[in-house]
Amino acid sequence: MSEHEQEIRHMIDPSVPELTPLETMRHSAAHVMADAIKRLWPDAKLAFGPHTEDGFYYDIAMEHRLGPEDFERIEAEMAKITAAKHPFVREEISRNAAVELFEEEGERFKVEAIAAIPEDAVLTLYRSGDFVDLCRGPHVEHTGKIKAFKIMSIAGAYWRGDENGPMLQRVYGTAFPDRKALKQYLQMLEEAKKRDHRKVGKELGLFTFDPIAPASPFFTGKGATVYNLLQAYVRKLYVRYGYEEIITPQIFDMELFHTSGHYEHYKDNMFICDIDEREFGVKPMNCPGHCILYRHSRRSYRELPLRFADFGRLHRYERAGVTHGLTRVRTFCQDDAHIFCTPEQVEQEIAGVTKMILECYRTFGFEELEIEISTRPESYLGELETWDRAEAALKSALEGQGLDYVINEGDGAFYGPKIDFQVRDALRRSWQLGTIQLDFQLPERFGLEFVDQEDGRGRPVMVHRAMLGSLERFFGVYLEHVAGKFPTWLAPVQVSILPIADRHHAWAEEVAAALRARGIRVEVDLRSEKLGQKIRGATLQRVPIMLVLGDKEVEARAVAPRSRDGKTGAQETLEAFVNRLAEEASIPA
RNA sequence: GCUGGCGUAGCUCAAUUGGUAGAGCUCCUGAUUUGUAAUCAGGUGGUUGCGGGUUCGAGUCCCAUCGCCAGCUCCA
């Protein structure tokens, strides 16, 4: 649902959940901001002004182009309005009177908005001082209740989200119950800026981009090390959870995508080429290829469930302007798998996948989790009964593990219901990572079968599932979650060896060799620099462990460890150190 | 794709109203041999994203194009 639709719904639909006190205050702040802007630029015409997750905005049309230099003026004007403590007054109004009122004011967007509201809805106005707005409310008691606010940014937005419609100026602001909370929020934004994976990735030399391949990352040796370790960890899970990893082609005759339906629905997002007078497509998803492999031999019910995992590289033509760092790219791979099972096995398979996903997120330190089930949309394919059974299976698989979830009614794909997993990172930002999607369509389209116990023919259900989602995207999200401080097992350089003077180089090389022999990723800093400089370098690169080597260490065939957080450990023998580190440095089970 | 903004050395950034492109870090040389977050000196490095135009003269102004950034839309 677009923001615009939500806004319309909010204005008219009494079943929309009541606003929280904070949301109410922010929405009121949007009115105050609109009031302020109209005072400063009387030609301003208002569209919509809802609250958002961390503030509010108002879409406005006017001659003057707003810029950051205007923010202080707007804030000052808002301060006058809040100081005046104008009460918010609710007023029911007839449709005709409302149209008349807003037409008189030249508020054409409001007039249009009224037309979009169902006939039987009660229209309400809210007045505060001389300002009046079409609004369902609720609002705070008076403008003085808005204590701490700030104009954040300005951006373009379309009227009603229609890219052919008029472009409006969207003014973003935020508001909090007190100055302290606002300050905290602004600090969080600062922190997020510092952690931006595009910045950190550059600083740590993990990946880069080049205009020669837009929206397609180049991973350096260090970045690829992390990337491969993520895969290695997932592969370990696959062994325990009974997956077989397969490898499938990159480019297929378009016929495949005609069969799968991607040609019809997804063609605009595909890279397509003509070779040998045949039309080929680079795969945007693995599922059609997996169906081919499934169909390649006769399948017995005894083989099911079949769990095909695939780290195949995918290419999607994302429209210019929608790409973003590692989180939205044109080439990526997923920790993708498709489970082919009987309808009876669905519940237990969902439960298994869920268990693995939870284990995986715990490993990466994502403690907070939100789960959503999306159910049958209005237009769907397949039998109603199949859908009902599948939705019940999803719910009971989650309930069986004592997991809370919310239901997004009608938000499922046309081919089946799904479960989405969202995590919150260290800055409490929400990211969708995992997904489990049932699919009744592809098995049908590809004519997939299995031989059942009575030598009859059954149709398998296909379960699409991913835990980390795209590895590229996860890389970016995780990099921000840990602010570049990878745990030792994932760090591209796990140990940095820092000899103090040239005469310690031999011992440094010996220590490095011993660690490398145990599979530990080591770097030796042989530069002719002071120890402080070397420590600074390794710390900035977020190397988890530094080993300082001087006369004392050479003498005792020992090492003096220091962590990137500045903690220095007691001197210990090389032997003891390696043994202590071995587990921490290896991929979790 | 749409609206707006931005592209100067590998990185972070300077460059009066249009008037000879600079600094720090990185890198390379040398000196220094250092005990827990920055040793000193010297040097390399740019057709100012690419292509046109205006001008005596363009990093600066105009057009076009590519890329990036913010937001919108999209992400069956």
Side-chain angles (χ1 to χ4, degrees), chain A residues 2-4 52 57 59 65-68 152-172 196 198-199 202-203 205 208-216 260-270 284-285 287 316-325 327-330 377 379-381 411-416 418 432 435 437 439 441-442 464 469-470 473 496 498-505 526-541 546-554 560-569 571:
Chain A
S2 72
E3 279 180 24
H4 171 257
T52 62
Y57 67 80
D59 283 347
R65 282 227 153 275
L66 286 168
M152 302 299 292
S153 61
I154 177 90
Y158 302 103
W159 167 237
R160 302 187 145 186
D162 174 3
E163 60 181 278
N164 299 313
M167 173 65 69
L168 308 169
Q169 303 190 63
R170 176 166 295 179
V171 190
Y172 283 91
D196 188 314
R198 292 166 300 186
K199 182 169 178 283
K202 197 184 275 181
E203 286 165 358
T208 187
F209 290 88
D210 190 282
I212 203 70
S216 307
S260 69
H262 285 93
Y263 188 86
E264 196 184 339
H265 294 287
Y266 209 74
K267 184 175 167 245
D268 290 346
N269 283 292
M270 287 180 63
M285 295 174 197
C287 23
R316 297 182 186 174
Y317 172 73
E318 300 289 358
R319 297 162 86 197
V322 305
T323 59
H324 180 90
T327 58
R328 188 96 180 261
V329 291
R330 288 184 176 159
S379 84
Y380 63 97
L381 292 167
D411 241 15
F414 67 89
Y415 53 75
K418 64 172 180 176
Q432 200 208 305
T435 181
Q437 305 192 7
D439 190 340
Q441 256 302 294
L442 281 185
H464 309 250
S470 121
R473 184 155 183 279
S496 190
L498 314 179
I500 291 172
D502 291 358
R503 62 179 178 281
H504 311 124
H505 284 190
L526 299 177
R527 290 178 305 161
S528 166
E529 291 287 352
K530 290 161 81 168
L531 180 61
Q533 172 69 281
K534 295 184 181 186
I535 285 176
R536 179 178 156 79
T539 305
L540 289 175
Q541 286 295 303
M546 293 160 229
L547 295 181
V548 175
L549 307 183
D551 290 335
K552 286 182 276 184
E553 286 70 32
V554 171
R562 181 192 211 273
S563 78
R564 64 187 157 202
D565 301 317
K567 294 191 193 77
T568 54
Q571 190 192 88

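In what follows, every chain begins at residue 1, and chains take the letters A, B, ... in the order their sequences are listed.
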For [X], answer base if it contacts any base atom (sugar-phosphate contacts may also be present), sugar-phosphate if it contacts only those atoms, and nothing otherwise; contact means non-hydrogen atoms under 4.0 Å.
X	answer
A215(A)	sugar-phosphate
A538(A)	nothing
M285(A)	base
E529(A)	base
G532(A)	sugar-phosphate

Of the listed nucleotides ([options]), which one gets closest to any side-chain atom of [X]?
X	options	result
K530(A)	G71(B), C11(B), U34(B)	U34(B)
P214(A)	C75(B), G67(B), U73(B)	G67(B)
H262(A)	U36(B), U34(B), A76(B)	A76(B)
Q533(A)	A38(B), U33(B), G35(B)	A38(B)

Basic-acidic side-chain contact under 4.0 Å: K418(A), D411(A):
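Looking at K418(A) and D411(A), the cut-off is not met.
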Which one is paired to C72(B), where only Watson-Crick or G-U wobble pairs with both distances under 3.5 angstrom count?
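Its partner is G1(B) (Watson-Crick or G-U wobble, both distances under 3.5 Å).
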Partner lookup for U29(B), please. Criteria are Watson-Crick or G-U wobble with both distances under 3.5 angstrom; report none if nothing qualifies.
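When the pairing criteria are applied, A41(B) turns out to be the nucleotide that pairs with U29(B).
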Donor-acceptor pair (no angle test) under 3.5 Å: T568(A) side chain, U36(B) base
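Donor-acceptor pair under 3.5 Å: no.
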Would the base of C2(B) count as contacting R319(A) through its side chain, where contact means a donor and an acceptor less than 3.5 Å apart?
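There is none.
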OP1 or OP2 of A70(B) less than 4.0 angstrom from a side-chain nitrogen or oxygen of R170(A), does that happen here?
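For R170(A), the contact criterion (side-chain N or O under 4.0 Å from OP1 or OP2 of A70(B)) is not met.
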Short side-chain N/O contact to C69(B) OP1/OP2 from R198(A), under 4.0 Å
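Yes, because at least one side-chain N or O of R198(A) sits under 4.0 Å from OP1 or OP2 of C69(B).
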Between Y415(A) and H265(A) (judged by ring centroids, cut-off 6.0 Å), do the two rings come close enough to count as a pair?
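Ring centroids of Y415(A) and H265(A) are no less than 6.0 Å from each other.
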Nearest-Å distance, CE (M546(A)) to P (A37(B))?
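That distance rounds to 9 Å.
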